[in-house]
Amino acid sequence: MKRDVISILDLKDDLGGILELASKLKKGKMKKEKSLSGKTLAMIFEKSSTRTRVSFEAGMAQLGGHALYLSPKDLQIGRGETIADTARVLSRYVDCIMYRAFSHAAMLELAENASVPVINGLDDVEHPCQIVADLLTVKEHRGGFKGRKMAYVGDGNNVCNSLLLGAAIVGMDFVAACPKGYEPDRKIVSEARRIAKGTKCSSEVVDDPVVAVKGADVIYTDVWTSMGQEAEAEKREKAFAPYQVNSALVRKAKKDCIVMHCLPAHRGLEITDEVIDGKRSVVFDQAENRLHAQKAILLSVIR
Ligand code: CP
Ligand code: NVA
């Protein structure tokens with residue numbers, strides 16, 4: 001059976017193994033290079049991308065395969081061909097499809113109709129590949145997850161949803177501080193709590209960023225206005241102003257806490273220059289780890 005990665009939950013049973021494989025690939029200790037020789041990855045991007053596009057494309061090349069960048073305006077999707085038919089056709093040519101979509105419903109439709117694995121490269125509900133790279137980064141900088149606490153400060157968006165689930169799976173304490181009305185998906189919050197019970201860690205949503213960062217080993221933030229929400233930018237900037245990750249907030253966490261951001265950042269809004277360029281920031285390690293994490297994911301799903 002094909003293995004889709006639509007949610008970080010799809011990697012739940014071997015997330016530890018995928019992180020190990022990503023570490024080995026990063027250290028050059030895995031003789032997997034060229035093992036995707038002759039394989040093709042189709043990448044459909046409905047939204048812009050720097051990291052996801054380049055890391056998937058470079059990753060496929062490093063594994064001996066090939067990646068195709070497809071924009072809906074060039075595909076027949078732009079002229080009304082259905083997602084389902086596109087999925088059926090692409091499945092006859094390629095070995096895997098990576099899709100960055102506006103809607104989760106479109107992601108599910110593509111996955112249901114593709115006979116090859118589909119990897120979610122971000123939609124409005126989740127960003128699973130990002131979270132594998134993030135967990136790899138935490139493991140490298142903090143040695144592991146047990147007894148560690150991550151505080152996410154800002155919008156309860158796709159990244160926050162996947163982090164909630166990912167932290168619960170690996171057993172890391174997690175708290176999200178979000179303004180009222182911008183909390184993460186309710187069903188995901190309950191699912192994360194259910195998983196956290198089993199992995200013996202905490203999973204919380206609060207509205208006070210200072211409460212959230214107390215005792216945190218990791219502070220994480222993301223943009224206040226995600227792709228597709230541009231019309232709400234002004235309203236969001238007002239609502240999120242007290243949620244900026246700045247030096248004053250970082251001082252309230254553990255002395256040696258690290259600061260993470262999935263990038264791209266809106267400097268001066270959700271994070272200050274001082275913090276993102278400061279000694280606690282690991283944002284470029286995080287960006288690099290997209291490459292290693294996704295190579296591990298590709299090796300796990302492409303047969
Ligand atoms: N973090 C992330 O997914 O970046 P891109 O939008 O540049 O792919
Ligand atoms: N939450 C952001 C993440 C970008 C990588 C967005 O969806 O635009």
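Keep in mind that the numbers below use all heavy atoms, side chains included, and drop hydrogens, waters and symmetry copies. Counting begins at 1 with the first residue of the sequence. None of these values were measured; they are calculated from a predicted model.
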Side chain to side chain, Lys39 and Leu298, heavy atoms closer than 4.5 Å = no
Side-chain heavy atoms of Lys26 within contact of Glu140, under 4.5 Å = yes
Taking every non-hydrogen atom, the tightest pair across Ala101 and Lys47 = O-CE, 3.5 Å
query = Side chains of Ile195 and Lys12: does their closest heavy-atom pair fall under 4.5 Å?
reply = yes
message = The test is side chain to side chain contact (heavy atoms under 4.5 Å, CB included); show your working for Glu183 and Val189 and say whether it passes.
response = CA-CA 9 Å; Glu183 294 94 347; Val189 172; over 6 Å; no
request  = Specify whether Phe240 and Tyr182 have parallel, tilted or perpendicular ring planes, treating 30° as the upper limit for parallel and 60° as the lower limit for perpendicular.
outcome  = tilted
query = Hey, are the side chains of Asp217 and Ile258 touching, using non-hydrogen atoms and a 4.5 Å cut-off?
reply = no
Nearest heavy atoms of Ser247 and Thr272, plus distance in Å = N-OG1, 4.4 Å
inquiry  = Quick one, Leu63 and Lys295 - any side-chain contact, counting heavy atoms below 4.5 Å?
reply    = yes
query = With the 4.5 Å side-chain cut-off for hydrophobic clustering, are Phe174 and Leu135 part of the same group?
reply = yes
query = Regarding Glu126 and Ser7, is there a side-chain donor-to-acceptor distance under 3.5 Å anywhere?
reply = yes
task = Grab the two heavy atoms, one from Met172 and one from Arg148, that are nearest each other, plus how far apart they are.
result = CG-O, 3.4 Å
request  = Determine, stepwise, if the pair Asn113 / Glu109 fulfils side chain to side chain donor-acceptor pair (under 3.5 Å).
outcome  = CA-CA 6 Å; Asn113 291 284; Glu109 194 185 343; 4.9 Å; no
message = Are more than 12 heavy atoms, taken from residues, nucleotides or ligands other than Lys146, located less than 6.0 Å from that residue's NZ atom?
response = yes
task = Check Lys149 against Val175 and note the closest heavy-atom contact, atom names and distance.
result = CE-CG1, 3.5 Å
message = Looking at Lys2, I want to see if its NZ is surrounded by more than 12 non-hydrogen atoms of other residues, nucleotides or ligands under 6.0 Å.
response = yes
Within 6.0 angstrom of Glu232 CD, more than 12 heavy atoms from elsewhere = yes
query = More than 12 heavy atoms of other residues, nucleotides or ligands under 6.0 Å from NZ of Lys24: is that the case?
reply = no
Tyr152 and Asn157 side chains, donor-acceptor separation under 3.5 Å = yes
ask   = Closest heavy-atom contact between Ala22 and Ala296?
value = N-CB, 3.8 Å
query = Do the side chains of Gln76 and Arg79 get nearer than 4.5 Å, heavy atoms only?
reply = yes
task = Decide, yes or no, whether a salt bridge links Arg53 with Glu57 under the criterion of side-chain N to carboxylate O below 4.0 Å.
result = yes
ask   = Would one find more than 12 heavy atoms of other residues, nucleotides or ligands at under 6.0 Å from atom CD of Glu230?
value = yes
Closest heavy-atom pair and its distance - Glu46, Pro72 = CG-CG, 3.6 Å
task = Kindly indicate whether the side chain of Arg88, heavy atoms from C-beta on, has any atom under 4.5 Å from the side chain of Asp85.
result = yes
key: Ile276 side chain near Glu270 side chain, heavy-atom distance below 4.5 Å   = no
